[in-house]
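Naming: A, B, ... by sequence-line order, numbering from 1 per chain. Values reported hereafter were calculated over all heavy atoms of this structure, with side chains retained and with hydrogens, waters and symmetry mates removed.
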2 protein chains.
Amino acid sequence: MATIAVENYLKHALLLAERSPDGLVPMGELASALAVVPGTATTMVKALADSGLVVHEPRRGLRLTPEGRRVALNVLRKHRLVETFLVNVLKMDWAQVHAEAEQLEHAISDAVLDRLDALLGHPATDPHGDPIPSVEGTLNSAVYATLATCATEAPLRVVRVTDQSADFLTFAEAHGLRPGTTARVVDRNLPAGLVTLRRPRGKPFALSLSAAGRIWVEPADSP
Amino acid sequence: MATIAVENYLKHALLLAERSPDGLVPMGELASALAVVPGTATTMVKALADSGLVVHEPRRGLRLTPEGRRVALNVLRKHRLVETFLVNVLKMDWAQVHAEAEQLEHAISDAVLDRLDALLGHPATDPHGDPIPSVEGTLNSAVYATLATCATEAPLRVVRVTDQSADFLTFAEAHGLRPGTTARVVDRNLPAGLVTLRRPRGKPFALSLSAAGRIWVEPADSP
DNA sequence: GGATATATTTTGACAGTTCAAAATAAATCC
DNA sequence: GGATTTATTTTGAACTGTCAAAATATATCC
Ligand SMILES: [Mn+2]
Ligand SMILES: [Mn+2]
Ligand SMILES: [Mn+2]
Ligand SMILES: [Mn+2]
């Protein structure tokens with residue numbers, strides 16, 4: 001069985017690989033995602049390569065093998081279903097559940113996973129809008145516009161918040177920016193780096209372009 | 001924070017200490033409960049003693065300190081609440097949940113534990129009838145009669161099954177011997193080492209004295 | 001009470017995961 | 001295109017948790 005460390009390396013490698021067109025993950029990015037020094041990542045990646053879970057291309061980065069990807073998707077599925085359980089059933093704060101799931105993802109068996117999935121009604125996304133990998137190992141990688149890039153004035157629906165930090169999630173929640181909620185961009189001032197939003201029946205408020213870029217949206221029908 | 005290994009050592013030390021009048025746990029018992037060789041247990045107990053979690057009495061055994069007992073009770077509480085959740089909410093087989101809880105007990109935070117406890121309605125015992133330690137750190141250590149020792153003919157209620165092995169639990173369940181169910185001892189043949197039971201509207205069946213000793217019962221009012 | 005059996009401890013080793021710091025390769029910049 | 005910056009790898013060490021096997025202490029049995 002994969003150890004907790006191995007599962008963490010593979011899961012983070014998958015998340016980084018998804019955001020890179022060729023699937024090559026630079027060693028430094030993996031190291032900082034895992035909060036280890038670069039030398040540690042090199043050592044571990046060589047061990048993972050020996051186990052056939054990744055391919056190491058020295059000085060260039062690493063790639064998941066199909067087996068490594070399979071393990072990583074299973075861990076990610078556990079992570080996101082656990083988050084969904086903690087929010088939907090235990091009514092925990094969506095800002096806290098990431099840290100909880102970081103541990104629980106390694107302790108849940110596939111049997112428990114299946115039951116949780118059924119209890120939750122086979123959800124497609126977690127509380128942050130992150131897609132939940134299917135049992136068969138497919139991962140919805142649809143890309144949306146963000147509050148930093150979308151059209152202004154038109155009504156929008158939040159679909160995903162791509163920042164797991166508790167501070168950012170608490171800020172987003174305080175302004176009603178959860179997946180499913182609606183809003184409009186009333187102004188975007190590039191020189192100032194500011195986006196101004198308005199929620200239905202709410203006061204306008206501003207956030208930075210960089211923060212806006214972490215909130216994914218789609219056009220909403222109702223205003 | 002205590003590591004997974006430390007939590008396992010402390011939890012098993014607590015369980016063994018509860019079954020010994022003076023609270024002294026022999027090294028060999030701890031080692032075999034944890035499935036490690038005796039030398040490993042000695043090494044680890046010395047490390048635990050350095051951390052102030054146990055007192056090591058060389059060649060005699062070990063004792064939990066108040067702090068060690070506090071940690072152990074918290075782990076045991078997690079274990080038993082998780083088992084209760086898996087059976088009551090996820091509808092898992094009571095024979096499987098021990099193995100699951102063995103992992104989950106180390107991954108659940110106190111925050112999740114509290115929510116789980118509330119969701120389950122603050123249960124006093126787990127699916128096997130094992131008492132759940134309270135948040136304040138008290139553990140009900142009531143001792144009952146067993147099917148090997150109780151009065152014959154009188155109606156009984158099963159209160160606890162003190163064997164976590166899947167085989168035994170599956171056997172017990174197949175004969176309707178779960179906490180809350182009722183039965184009568186119709187015969188006890190000491191030379192043969194057999195106890196014969198009868199459940200309401202069921203056929204009589206036999207089990208060994210040693211197996212009977214693992215099923216705790218109390219007098220039931222209704223027959 | 002001395003021989004023998006049993007329980008415990010000690011010693012030396014190993015696997016896995018990590019860091020600090022030095023070495024090296026690759027990329028970037030005049 | 002040679003110097004400098006940046007990313008990666010290597011080296012040496014530490015820590016945790018484990019085992020095998022030898023050493024030692026304690027208990028038990030004539
Ligand atoms: Mn994790
Ligand atoms: Mn999430
Ligand atoms: Mn455990
Ligand atoms: Mn139990």
Is any NZ, NE, NH1 or NH2 atom of the basic residue among A:Glu83 and A:Arg80 found under 4.0 Å from an Asp or Glu carboxylate oxygen of the other?
no
Less than 6.0 Å separating the ring centroids of B:His128 and B:His98?
no
Tell me: CD1 of B:Ile4 to P of D:dC15, nearest whole Å?
21 Å
Whole angstrom value for the distance that separates P of C:dC19 from CG of A:Leu34
10 Å
Please determine if a side-chain N or O atom of A:Thr3 lies less than 4.0 Å away from the OP1 or OP2 oxygen of C:dT17.
yes
Under 4.0 angstrom, heavy atoms only, what part of the nucleic acid is B:Gly39 near: base, sugar-phosphate, or nothing?
base
Using whole Å, report how far CZ of B:Arg60 lies from C1' of C:dT6.
17 Å
Measure the distance from CG on A:Leu48 to P on C:dA15 and round it to the nearest whole Å.
17 Å
Can you identify which nucleotide, out of C:dT17, D:dT9, D:dT18, has its nearest atom closest to the A:Met44 side chain?
C:dT17
Return the nearest nucleotide to the side chain of B:Val36; candidates are D:dT18, C:dT8, D:dT9.
D:dT18
Select one nucleotide: of C:dT17, D:dT8, C:dT10, the one nearest the side-chain heavy atoms of B:Lys46.
C:dT10
Using whole Å, what does the distance between atom C1' of nucleotide D:dA25 and atom CD of B:Glu57 come to?
16 Å
Measure from CG on A:Asp50 to C1' on C:dG16 and round the result to the nearest Å.
13 Å
A:Met27 CE - C:dA27 P separation (whole Å):
15 Å
Is there a donor N/O on one and an acceptor N/O on the other, under 3.5 Å, for the side chain of A:Arg59 and the base of D:dT8?
yes
Taking only the side-chain nitrogens and oxygens of B:Tyr9, find out if one of them lies under 4.0 Å from OP1 or OP2 of D:dT16.
no
Can you measure from CG (A:Leu76) to CG (A:Leu10) and round to the nearest 0.5 angstrom?
11.5 Å
Does the distance from a Lys or Arg side-chain N to an Asp or Glu carboxylate O, for A:Glu105 and A:Lys11, drop under 4.0 Å?
yes
By nearest atom, which of the nucleotides D:dT18, C:dT8, C:dA20 is closest to the A:Val37 side chain?
C:dA20
Looking only at side-chain N and O atoms, does A:His56 come under 4.0 Å of OP1 or OP2 in D:dT9?
yes
Charged tip of A:Arg214 within 45° of A:Phe168 ring normal and under 6.0 Å
yes
Go through D:dG17, D:dT8, C:dT8 for me and flag the one nearest to the B:Val6 side chain.
D:dG17
State whether A:Thr40 places a side-chain N or O below 4.0 Å from either non-bridging phosphate oxygen (OP1 or OP2) of C:dC19.
yes
Measure the distance from CD on B:Glu7 to C1' on D:dT16 and round it to the nearest whole Å.
15 Å
